[in-house]
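Written below as structure tokens is the structure these notes are about.
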Amino acid sequence: MDGIGAQEVRLPELNPIELWEQSGRAQTMGQTLFRLADRKERGFVLGPTHEEGMSFLASRHIQSYRDLPVTLYQIETKFRDEPRPRGGLVRLREFTMKDAYSFDAGWDALDVSYAAAYEAYVRIFARAGVPVVPVAADSGAIGGKESQEFVFLTDDGEDEILLCPGCGYAANAEKADFSPPPAVPAAPLPMERIATPGQKTIAELASFLGIEQRQTVKAVFYKADGEPIFVAIRGDLDVNEVKLKNALKAQDVDPMDEQMVKRLGLVAGSASAVGLTGMKVVADPTAVEAANLVAGANEDGFHLLNTNHGRDWKADLVASIGLARADDACATCGSALQVRRGMEMGHVFKLGTLYSESIGVNYLDEAGERHPCVMGCYGIGVERMLAAIIEANHDANGITWPASVAPYDVHVVVLNGDQEHVDAALNELEAEFAKAGLTALVDDRPDSAGIKFKDADLLGMPVRFTLGPRSLEKGGVEVRDRRTGETNVLTIGEAVAAVRSAR
RNA sequence: CGGGGUGUAGCUCAGCCUGGCAGAGCGCUACGUUCGGGACGUAGAGGCCACAGGUUCAAAUCCUGUCACCCCGACCA
């Protein structure tokens, strides 16, 4: 971060609620905000992220285009009342985030700051020994125009990632574009009502009629911010709820509950938009473009042959809301997409002027005109990254920390430390560490050597020094590389110098 | 919030089905031996069986409720 000219700061965790009302997120973040009140009943929130705070800080200092660009960052605790904390360090109510925010004069300038942060992230993950894949992502509750996640691929991950082996396209399933299989070409035929007793699912219906699933329309019911939504999508596809939410510009999209389905008189298993009134109809292009699709007749046990959009029904909104799956065609090059699971390590966003407008971060340009700053924000989950570092750097005996992120440079196992000459050598060693600016974890417990060696392996500092009567006889300390097991006996001075130069 | 699971010694767990003395391994304490890749012997200490009710002659065990934690879904770094 410092390397790209970012400035470290530290913001309060305790924020007045007014700041969050100003940005509108007191409402939009809803339940995930930890709220509290002081003795005078003034409202506060514990910061779940710091777009508001950073914008407020920036608004006090940025006046002219000459003040820009500015990137501020901090490494600080965030609080989120998560619906379900889980997985040890993977999802916490209280976690540490490295969060950075850039302020620029215009979108082109943001692209430069964004690219710099992006490149810095690539270097950070490489140095920490965590293999990540940058993927296109949905920006979720943070908002903004464009965003990319850095994803650590692991079967334990919470996210589904689609990867294109052909062109390198990579995206979170929430966001992923793809080309649905083509429709079966046909000229429109007259609509026809037929009996389909007991056929509830698309698979049943298709095999009952001897047609392909892509020759049907699937009806799915949702509730978007309390409003009923009827979704029509070709039978061979599933709905991506994130895309649906974005298309509707809704805050919350959930599958419709049974009471609501009943109240609205919807016939699950035989529903369609033909003749439907009283609710908004959202259609995927696949349902609109194909001809002669089989749809529900809105009567249990009956379906309609040859329904056609425009003639028989009409969508209020047409938007791509299909969920990409393994083996779907890449939208760019047509190759079959692959699916992997992954864990989100970091996320970079082009925020735009969302917060600079609501909080009031403005600058005067060369012409003396006032504009809101164009912002970007960049986060890394520290605990989550810790989990990934260990996942990516361990062997059967324990952790194998990359030197760049090891808690200590050296693990010193002291044997027979009660012997005077061993103790004297240890004092000398510690003095050398101090002089060299190295940190050491010294194990001088009166336990057996085996226990201490096992613990050293488990904790996994990159280098282990063994200091005892036997090593001193051989001329100093035994130096052992945690990963390779390579062992040498060196003098105290040589050993410390070797670690220092390797760091 | 919906679904599933678990709460017993410091830790990991058995015991619960089929009610009847509170258990094991590890750890801990003492002594002796051992001592550079998780040693051994002997002797010990250690419990409101999550909590609150109920059933019963008798409850860790059966029933009801509460709480906490873990796992699966919606949220995200």
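All values reported here derive from a predicted model rather than from experimental measurement.
- Contact between the side-chain N/O atoms of A/Arg384 and the OP1/OP2 oxygens of B/A77 is not found at any separation under 4.0 Å.
- Under 4.0 Å is where a charged nitrogen must lie from a carboxylate oxygen, and between A/Arg483 and A/Asp481 no such pair does.
- Of the listed nucleotides (B/C75, B/G36, B/G37), B/G36 has the atom at the smallest distance from the side chain of A/Arg470.
- Across all strands shown, B/C67 forms a Watson-Crick or G-U wobble pair, both distances under 3.5 Å, with B/G7.
- Comparing B/G36, B/A74, B/C76 by their nearest atom to the side chain of A/Pro83 picks out B/A74.
- Neither OP1 nor OP2 of B/C75 sits under 4.0 Å from any side-chain N or O of A/Arg84.
- As judged by a 4.0 angstrom heavy-atom cut-off over every strand, A/Thr466 is placed among the base-contacting residues.
- In A/Arg325, the CZ atom is crowded: over 12 heavy atoms of neighbouring residues, nucleotides or ligands sit closer than 6.0 Å.
- Of the charged side-chain nitrogens involved, at least one lies within less than 4.0 Å of a carboxylate oxygen, so that A/Arg445 and A/Asp455 count as a salt-bridged pair.
- Pairing for B/A24 is with B/U12, a Watson-Crick or G-U wobble pair whose two hydrogen-bonding atom distances lie under 3.5 Å.
- A/Asp457 comes within contact range of at least one nucleobase, with a heavy-atom separation under 4.0 Å.
- Rounded to whole Å, the distance from CD on A/Glu149 to P on B/C76 is 10 Å.
- Stacking of A/Phe453 onto the six-membered ring of B/G38 is not present when judged by under 5.5 angstrom between centres and under 30° between planes.
- Pairing of B/A43, defined by two Watson-Crick or G-U wobble distances under 3.5 Å, is identified with B/U29.
- The pairing partner recorded for B/G2 is B/C72, the criterion being a Watson-Crick or G-U wobble arrangement whose two distances lie under 3.5 angstrom.
- Nearest to the side-chain atoms of A/Glu82 among the listed nucleotides B/C75, B/G36, B/A74 stands B/C75.
- Distances from the side chain of A/Asp455 to the nucleotides B/G37, B/C76, B/G38 place B/G38 closest.
- Taking only side-chain atoms of A/Phe349, from C-beta outward, the nucleotide of B/C75, B/A77, B/G38 with the closest atom is B/A77.
- A distance of 6.0 Å or more separates the ring centres of A/Phe433 and A/Tyr408.
- Using a 4.0 Å heavy-atom criterion, one finds that A/Met345 contacts the sugar-phosphate atoms exclusively.
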Could you go through residues 109-132 of chain A and list every donor-acceptor pair under 3.5 Å that involves a side-chain atom there, pairing it with any protein atom two or more places apart or in another chain?
unit_1	atom_1	unit_2	atom_2	d
A/Asp111	OD1	A/Lys350	NZ	2.7
A/Ser113	OG	A/Asp104	OD1	3.2
A/Ser113	OG	A/Asp104	OD2	2.6
A/Tyr114	OH	A/Gln148	OE1	3.4
A/Tyr121	OH	A/Lys98	NZ	2.7
A/Tyr121	OH	A/Tyr378	O	3.0
A/Tyr121	OH	A/Gly379	N	3.1

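- A 3.5 Å limit on both hydrogen-bonding distances identifies no Watson-Crick or G-U partner for B/U61.
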